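Working notes, beginning with the structure itself.
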Amino acid sequence: MLQTMAYNPKQFNLSALQGISDKTLEMHFKLYEGYVKSVNELNEKITEMLKDGTVDQDEFPAYSELNRRLGFEYNGMVLHEYYFGNLKKQGTGAPASDSDFVKGAEKSFGNYDLWKTDFVGVGKMRGVGWAVCYRDPHNGMLSNHWITLHEIGNVSGFIPILVMDVWEHAFILDYAPADRAKYIEAFFSNINWQRVDERVRAELITPSEAA
Ligand SMILES: [Fe+2]
């Protein structure tokens, strides 16, 4: 039997946030664990198909479908880890003015307020998805992106710096669907800006360096 690795759900010590209830968080952690489980199941099924060393023609439709689902489940897992990871109890609404994040926002948008206007605007876009602030590891530029579902719109190799879930499940127990703006405000009051700064400083191997 082939030995393969599996993912374990991470634990997040989050409760008593401002404007995001513990009930929402508990439900959300369970949803996240569902993505981890689905990633493991998909990988197991693909491994099983590969076991005889070939993907038979009659296996190909099922094999293709399993692979198509990977993008949804993997990004569903990873984006939730970034999201929970950039929240904390007693977060601060705004980052320190001399933080690496603010310096990056100033270089990329002119000032923090304009960066925030853009990020909040992306978060209010109609549809099911995420707002993600990415850092380009080549030049340090920050840019905000709308991600449809979990997998459409992510930029390869860019580093997620701040990740905000705007699927309705992220706030429906606390706010009406039309009140997404209130949830976004609550999200901002719980941001772990220290963690965001660590992500800004993270050194990753860029594609060109790896070549
Ligand atoms: Fe979510």
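The shown structure was predicted, so the numbers you read here are calculated from the model rather than taken from an experiment. Basis for what follows: all heavy atoms, side chains included, without hydrogens, waters or symmetry-related copies. Counting starts at 1 for both ligands and their atoms, in listed order.
Residue-level check: among N/O/S atoms of His80, NE2 sits closest to the Fe ion (ligand 1). Taking the Fe ion (ligand 1) as reference, the nearest N/O/S atom within Asp165 carries the name OD2. Residue-level check: among N/O/S atoms of His169, NE2 sits closest to the Fe ion (ligand 1).
Between Lys37 and Glu33, none of the side-chain N atoms (NZ, or NE/NH1/NH2) sits under 4.0 Å from a carboxylate O, so this pair counts as no salt bridge.
With a 6.0 Å cutoff to the six-membered ring centre and a 45° limit on the axis angle, Lys10 does not count as a cation-pi contact of Phe84.
Across all non-hydrogen atoms, the minimal contact from Val166 to Ala131 is CG2-N, 4.4 Å.
Within the 4.5 Å cutoff, the side chain of Asn43 has heavy atoms near those of the Tyr74 side chain.
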